[in-house]
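Below is one structure; the comments refer to it alone.
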Amino acid sequence: MNLAAATNENLAHTSNVLIYSSMAVYTLAFFAHIAEWVFGSRSKVGRTAAALNAPAAAASPVKVRVARRGGTAVLDRPEVITRSAAGTRDVPDGPGAAGGTFKGDLWGRIAVSLTVLAFAVEAGGVLTRALSVQRAPWGNMYEFSITFSTVAVGAYLVLLALKKNVRWLGLMLVTTVLLDLGIATTTLYTASDQLVPALDSYWLWIHVSTAIICGAVFYLGAVGTLLYLFRDSYENKLANGGTPGTFARSVLERLPAAATLDKFAYRVNAAVFPLWTFTIIAGAIWAGDAWGRYWGWDPKEVWSFITWVAYASYLHARATAGWKGRKAAYLALLAFGCWLFNYYGVNIFVTGKHSYAGV
Amino acid sequence: MSNLNTTDERDLGGAGEQLSTAPREESAATVPAMGVIGWARWFWRQLTSMRVALILLFLLSLGAVPGSLIPQNSVDEMKVQTFKEAHTTVSPLYEKLQFFDVYSSVWFSAIYILLFVSLIGCIVPRTGQFVGQLRARPPAAPKKLTRLPAYATWRTEADPERVHEAALAVLRGRRFRSHVAGDAVAAEKGYLREAGNLLFHVALIVMLVAFASGQLFKSEGGKLVVEGDGFSNTLTQYDDFKSGSLFDTEDLTPFSFTLDDFVGTYERSGPQRGTPRTYEARVTYSEGADGKERKKVIRVNQPLVVDGTKVYLNAHGYAPVLSVKDGKGKEVYRTAVPLLPIDNNVTSTGAVKVMDGYRDRNGRKTQLGFQAFFVPTFAGDGQGTMFSQFPGADYPVLALNGYHGSLGVDSGLPQNVYQLDTSKMTEFKDSNGDKLKKRLRPGETMKLPDGAGSITFEGVEEWASFQISRQPASGWALAGAVAAIAGLAGSLFIQRRRVWVRAVRGADGVTVVEMAGLGRSESAKLPEELGDLALALHTEAPTAPGPEPEPGSGSDQPSEEPAEGAEK
Ligand code: HEM
């Protein structure tokens with residue numbers, strides 16, 4: 001073994017250590033989030049029920065003072081009054097996992113800080129992996145999985161940094177990241193190595209990186225959609241005078257309003273849909289270079305197409321009266337299911353031109 | 001959404017109309033009145049409705065599923081054959097349902113053709129509407145601005161005319177299309193959303209047409225070339241050839257190439273030992289009938305492109321060079337015989353067929369056939385197996401056993417060049433009466449018994465197989481794809497919204513300014529933007545000292561029902 005190979009081996013080892021370390025830190029973040037939810041449950045909330053049971057309050061327009069850049073001191077600035085659309089419930093967002101309690105909020109902050117740390121460590125793991133193989137770290141499912149969860153957490157942190165209301169995603173995200181990394185390190189692990197010639201193309205960088213970004217962001221959207229469905233039935237129940245269980249009252253109450261979750265999911269999905277379109281096209285161009293046809297109904301191609309059409313259906317459903325809300329949400333979940341199947345299912349159960357990646 | 005409910009529509013007048021060109025949903029229950037024309041119109045309306053478009057889209061993705069799970073003729077006919085043999089009960093049913101040719105099946109085509117008819121039926125009227133909207137001016141302000149999703153008001157001492165002028169200036173400065181309509185300024189922005197949406201849907205049609213014509217006119221064939229040999233692009237030279245139904249042999253691009261050298265390198269150590277690292281086919285090619293000769297290296301992802309025809313490197317293998325001497329010692333055969341790899345380490349098998357020129361010891365004409373088994377890297381003597389240990393040619397060994405008689409090539413039946421039909425042949429036997437077989441290293445010779453001559457393993461060449469394909473209109477497909485993304489981005493990221501500014505002098509002589517915004521989607525950006533606009537206008541028409549106006553004091557009291565803003 002020559003010297004270069006030895007350093008590569010070392011880097012690969014470092015990468016593994018970093019990935020395991022990030023899992024440890026994610027586990028801490030997971031417990032911190034649990035603490036956040038537990039402490040938050042001691043608050044007395046129930047704002048949703050109040051809003052829904054007082055119809056007069058719902059009708060009064062919400063006053064919003066629009067923040068202005070620079071904050072120049074103009075006295076008596078005009079104030080913008082917003083109204084929500086007819087037919088939507090005027091329900092305030094829940095207070096978040098911390099439930100407005102000091103302790104819960106503290107644990108939430110600790111959880112986010114730990115997530116940032118774990119993200120940095122995991123990103124380091126991906127980077128050293130890339131250096132050890134001297135190529136993009138997306139040659140097999142192990143590498144794909146670690147990059148995927150890194151990007152998902154990264155997207156979440158970016159949204160947090162942009163001051164978007166997304167901390168409610170934290171627990172679910174950290175849990176699934178742990179799951180993803182667990183599967184990656186146990187069943188999918190592949191010793192680091194270079195690529196077979198067919199994967200050796202700059203289109204790998206373009207096509208696979210955008211595919212990973214799309215998957216990660218679609219995932220955030222799917223979590224939003226799923227929580228929307230729960231929160232929506234909770235609100236429905238309240239609006240119809242029902243009494244949801246204590247779990248629902250404690251947990252769902254603290255989530256953002258169904259309308260907010262729905263909007264979040266839509267924005268996220270709509271924002272990456274063009275990128276997903278681009279991903280498929282980039283894949284087609286690459287296939288044209290590698291296999292002599294840009295589209296050949298290979299299983300992976302078919303499932304990207306199915307995923308694409310499923311998301312297009314979702315967007316159409318949103319644009320069409322009568323298909324908004326829950327029905328569209330089911331479509332969005334189905335579409336994400338297609339994405340997942342394309343990633344795991346096709347690699348494992350179906351053989352095609354894409355199955356050289358050593359699972 | 002443009003479909004405002006009726007109460008709101010009365011309140012808002014035309015203000016919210018045509019904020020998009022999405023077709024109105026009609027109830028599916030409205031059954032046509034009468035006659036063929038009535039039915040045809042009903043059918044057309046249904047087909048071009050969003051609901052049906054949605055269903056068709058859904059069916060399209062559903063219909064694509066079986067093709068990914070069941071082997072497809074268009075992808076791998078061998079696999080289909082194997083599947084049919086393994087599943088004798090379901091195969092006839094699958095055959096009937098065209099499940100082995102999903103993407104060219106009647107039902108799959110029906111879905112996408114309907115979808116695209118629907119698409120065209122949707123785009124044409126929408127384009128017309130959109131052009132109309134571009135020509136028209138933003139609609140006048142609704143009576144009650146308070147009902148709109150975003151609203152602001154203040155009192156100022158500036159004249160109403162002055163406020164309107166300032167509003168026009170501010171709005172135009174931000175590229176709103178604006179004009180004074182009645183007692184208010186009406187402005188609109190974000191037309192690119194609709195333009196983007198139309199562009200996207202048109203681009204889908206372009207892509208489909210390009211893809212379909214590519215399929216109809218395409219040609220695709222394979223050719224195996226041994227180092228030193230060549231290929232010229234005519235139908236007879238192909239080993240196998242497939243083409244679209246409208247392809248014409250005239251369409252073949254004239255060119256030729258010679259394979260000078262094939263280079264394959266493999267991982268030498270580590271767990272991935274033997275994994276291919278590079279494949280390079282070095283060729284000399286010339287365009288046209290006899291163009292200038294040029295050199296080019298074809299790699300897996302880098303085809304040779306000659307005037308729209310692409311030559312891809314597909315596979316490679318070994319071709320041992322063999323020479324045969326007849327009973328008189330005369331060399332009657334010398335050829336590099338390509339063998340087919342059967343595993344990842346390129347263990348290969350094939351057949352050597354000496355068809356003519358050979359005469360046995362007695363001078364009688366006969367034919368020779370050898371079964372060949374080749375390993376590029378032999379495990380070593382005594383290591384038993386005849387399976388290759390490594391894909392590179394480190395320690396090549398060729399095992400042969402021979403036959404004489406008739407190869408059966410004249411029987412008229414097509415023959416596999418890699419297999420020997422031994423039904424009319426006799427096996428050579430060694431002195432013990434056993435089957436004659438021998439493992440040869442390059443340079444070694446196997447003597448045939450009873451002075452029947454000899455066969456020599458002269459050396460090893462490599463072969464590469466190429467896929468030569470032409471798919472017209474790929475450029476169009478790509479252009480369509482790029483346009484689709486651009487249109488999609490416009491359609492999803494641009495907001496279409498309207499802003500109205502009304503300034504009316506109140507009874508006390510002070511002007512009441514009201515501003516309101518309406519978008520297709522209830523986005524947080526709308527109130528923010530209205531806030532910015534209000535601030536800009538406010539500097540021109542500052543608040544008058546005095547009591548704060550009640551929202552909507554210009555008109556009536558705020559109503560209980562909030563206005564519908566489209567929501568997303
Ligand atoms: C291959 C099929 C199609 C695909 C992939 C597709 C995709 C899309 C996408 C991604 C959007 C953007 C959605 C949004 O603005 O939120 C959209 C909008 C739209 N599509 Fe399609 N579409 C297809 C076929 C059709 C057909 C057949 C129709 C007509 C019946 C249609 C009518 C519309 C309309 C009216 C909109 C705009 C909706 C709005 O104003 O919000 N599309 N389409």
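Fair warning: this is a prediction, and the values are worked out from it, not measured in the lab. Just so it is clear: chains get the letters A, B, ... in the order the sequence lines come, proteins before strands, and each one is counted from 1.
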Quick one: does [X]'s side chain get under 4.5 Å of [Y]'s, heavy atoms only?
| X | Y | answer |
| --- | --- | --- |
| B:Leu492 | A:Leu315 | yes |
| B:Phe58 | A:Val309 | no |
| A:Val80 | B:Tyr151 | no |
| A:Val346 | B:Ser68 | no |

Measure the [atom1]-[atom2] distance between [X] and [Y] for me, rounded to the nearest 0.5 Å.
| X | Y | atom1 | atom2 | value |
| --- | --- | --- | --- | --- |
| B:Leu69 | A:Trp303 | CG | CH2 | 6.5 Å |
| A:Ile81 | B:Met515 | CD1 | CE | 13.0 Å |
| A:Leu331 | B:Leu54 | CG | CG | 6.5 Å |

Can you tell me which portion of [X] sits under 4.5 Å from chain A's heavy atoms? Options are side chain, backbone, both or neither.
| X | answer |
| --- | --- |
| B:Leu478 | side chain |
| B:Val65 | both |
| B:Gln471 | side chain |
| B:Ser469 | side chain |

Margin query: Please check if the number of heavy atoms outside B:Asn344 that lie under 6.0 Å from its CG is greater than 12.
Written below: no
Considering all heavy atoms of both residues, which atom of [X] and which atom of [Y] are nearest to each other, and what is their separation?
| X | Y | value |
| --- | --- | --- |
| A:Ile306 | B:Ala64 | CG1-CB, 3.8 Å |
| A:Ser313 | B:Leu57 | OG-CB, 3.6 Å |
| A:Tyr294 | B:Ala477 | OH-CB, 3.8 Å |

Sorted by chain and number, sequence neighbours left out, salt bridge (Lys or Arg N to Asp or Glu O under 4.0 Å) with B:Glu220 holds for none
task = Kindly assign one of parallel, tilted or perpendicular to the pair A:Trp297 and B:Tyr103, based on the angle between their ring planes and the thresholds 30° and 60°.
result = parallel
Checked A:Gly288, A:Ala310, A:Ala328, A:Gly296 vs chain B; the most non-hydrogen pairs under 4.5 Å come from A:Gly288
With a 4.5 angstrom heavy-atom cut-off, could you sort out which part of [X] is near chain B: side chain, backbone, both or neither?
| X | value |
| --- | --- |
| A:Ala284 | neither |
| A:Phe305 | side chain |
| A:Leu334 | side chain |

